[in-house]
Amino acid sequence: MATTNKRLVILFSGNGSNMENIIHKLHHKEFVVNGNIMKVDIVACVSNNKEAFGIQRAKNLNIDCLIVPHKDFATREDFETTLIEKITPLKPDLIVLAGFMRILSPLFVSVFKSINIHPSLLPKFKGANAIQESFDSSDREVGVSAHWVNEELDSGAMIMQAKRIRDMDEDFEYFSSKIHELEYELYPQAILKALN
Ligand code: GRF
């Protein structure tokens, strides 16, 4: 069987638990997809926030972590131009957004195929408060979405979703922990699907 190497770059802004989970589940591992062997390498992580806890997680896992603070740039275009300059030599097959809290413009999205994980059943609850809004809603069916990134926030084509039925008397802490469990289960699978 032929082996193809797939190179991933992960972008994050804060805690980095999804990034760590992806590294544990995919980095330097081989998967059989459609009769071919696919080997995944996380070639680097990038944070736009120099205080992000995830930077230490990446270091502990021996993954290069570039820090490109968006605050150092006057415009979104300048920030993304530098991101593109730093990421291009890494030759990624896919950019994986994992808690990356900046909207990417067509400038970036037209250069790299990128995917994102979002903690709601899109198109419901787009934006940064999805877990709270989903918790506050009357929806019993809740979940997470892995989708392609386009220039519109949380709006690209769906790759996969994972769902659960909640008890309406769950507290917020429990609710959030179950959302994150779904993310950790779904996102590595969605990445392999996207790479294919
Ligand atoms: C996750 O809930 C993800 O869905 C959202 O941001 C959060 C990031 O958490 N986009 P972490 O940094 O991976 O712990």
Side-chain angles (χ1 to χ4, degrees), residues 8-27 40 42 44-61 63-70 83 94-105 108-109 112-137 139 141-164 166 170-194:
L8 304 186
V9 171
I10 305 177
L11 271 55
F12 69 99
S13 299
N15 182 32
S17 68
N18 276 282
M19 174 191 67
E20 180 166 337
N21 175 63
I22 293 161
I23 294 167
H24 281 307
K25 291 198 175 147
L26 301 184
H27 185 50
V40 178
I42 315 296
C45 296
V46 182
S47 175
N48 64 307
N49 168 15
K50 61 180 172 29
E51 312 290 342
F53 182 67
I55 295 168
Q56 193 55 47
R57 293 185 196 259
K59 277 189 188 151
N60 294 344
L61 292 162
I63 304 289
D64 278 349
C65 191
L66 315 179
I67 300 170
V68 186
H70 66 276
L83 269 187
L94 188 68
I95 302 292
V96 174
L97 307 187
F100 184 67
M101 305 305 281
R102 306 299 300 167
I103 295 173
L104 291 167
S105 79
F108 187 92
V109 172
F112 300 117
K113 279 192 280 181
S114 309
I115 69 172
N116 184 40
I117 184 81
H118 186 77
S120 74
L121 291 175
L122 290 171
K124 288 190 166 183
F125 314 123
K126 295 178 182 179
N129 294 315
I131 301 183
Q132 186 70 55
E133 286 172 20
S134 168
F135 178 76
D136 291 341
S137 77
D139 294 356
E141 187 181 65
V142 296
V144 304
S145 305
H147 64 93
W148 291 102
V149 176
N150 64 12
E151 60 284 356
E152 231 184 290
L153 180 67
D154 300 328
S155 297
M158 192 57 61
I159 301 167
M160 291 172 90
Q161 291 184 313
K163 302 174 181 175
R164 64 179 285 265
R166 64 162 158 163
E170 288 170 5
D171 66 16
F172 182 72
E173 197 185 338
Y174 180 80
F175 180 88
S176 310
S177 73
K178 297 303 277 184
I179 289 288
H180 293 308
E181 272 178 29
L182 288 179
E183 291 182 329
Y184 303 149
E185 193 59 41
L186 183 79
Y187 208 16
Q189 295 175 42
I191 291 167
L192 293 177
K193 190 172 174 196

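We count ligands from 1, going down the list as the structure has it; atoms in each ligand are counted the same way.
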Query raised in the report: Where do S13 and N48 land on the side chain to side chain donor-acceptor pair (under 3.5 Å) test, with the steps shown first?
Result: CA-CA 6 Å; S13 299; N48 64 307; 2.6 Å; yes
Query - Sub-4.0 Å atoms of ligand 1 with respect to non-hydrogen atoms of N15 - result: 12 (O), 14 (O)
Requested in this report: Could you tell me the residue and atom name of the protein heavy atom closest to atom 2 (O) of ligand 1, and the distance to it rounded to 0.1 Å?
Outcome: E183 OE2, 2.9 Å
Query raised in the report: Looking at atom 14 (O) of ligand 1, what's its closest protein heavy atom, distance included?
Result: S17 OG, 2.5 Å
Query raised in the report: Tell me, do Y187 and I22 make a side-chain contact under 4.5 Å, heavy atoms counted?
Result: yes
**Report entry** Nitrogen or oxygen of M19 less than 3.5 angstrom from that of ligand 1
**Finding:** no
**Report entry** K124 side chain to S134 side chain, donor-acceptor N/O pair below 3.5 angstrom
**Finding:** no
Query raised in the report: Is the closest heavy atom of H180 to ligand 1 under 4.0 Å?
Result: yes
Query raised in the report: What residue and heavy atom of the protein are closest to atom 10 (N) of ligand 1, and at what distance?
Result: I117 O, 3.2 Å
Query raised in the report: atom 9 (O) of ligand 1: which protein heavy atom is closest, and how many Å away?
Result: N18 ND2, 3.9 Å
Report task. Just jot down the ligand 1 atoms closer than 4.0 angstrom to any heavy atom of G16, in number order. Result -> 11 (P), 12 (O), 13 (O), 14 (O)
Requested in this report: Please could you name the atoms of ligand 1 that G99 approaches to less than 4.0 Å, counting only its heavy atoms?
Outcome: 6 (O), 8 (C), 10 (N)
Report task. For A128 and M101, work out which heavy atoms get closest and say how close. Result -> CB-CE, 4.2 Å
Query raised in the report: What pair of heavy atoms forms the shortest contact from A194 to L94, and how long is it?
Result: CB-CD2, 4.1 Å
Query raised in the report: Taking R164 as the fixed residue, which of E170, E185, E181, E141 is the one that meets the salt bridge (Lys or Arg N to Asp or Glu O under 4.0 Å) rule?
Result: E170
Query raised in the report: Hey, are the side chains of K178 and R166 touching, using non-hydrogen atoms and a 4.5 Å cut-off?
Result: no
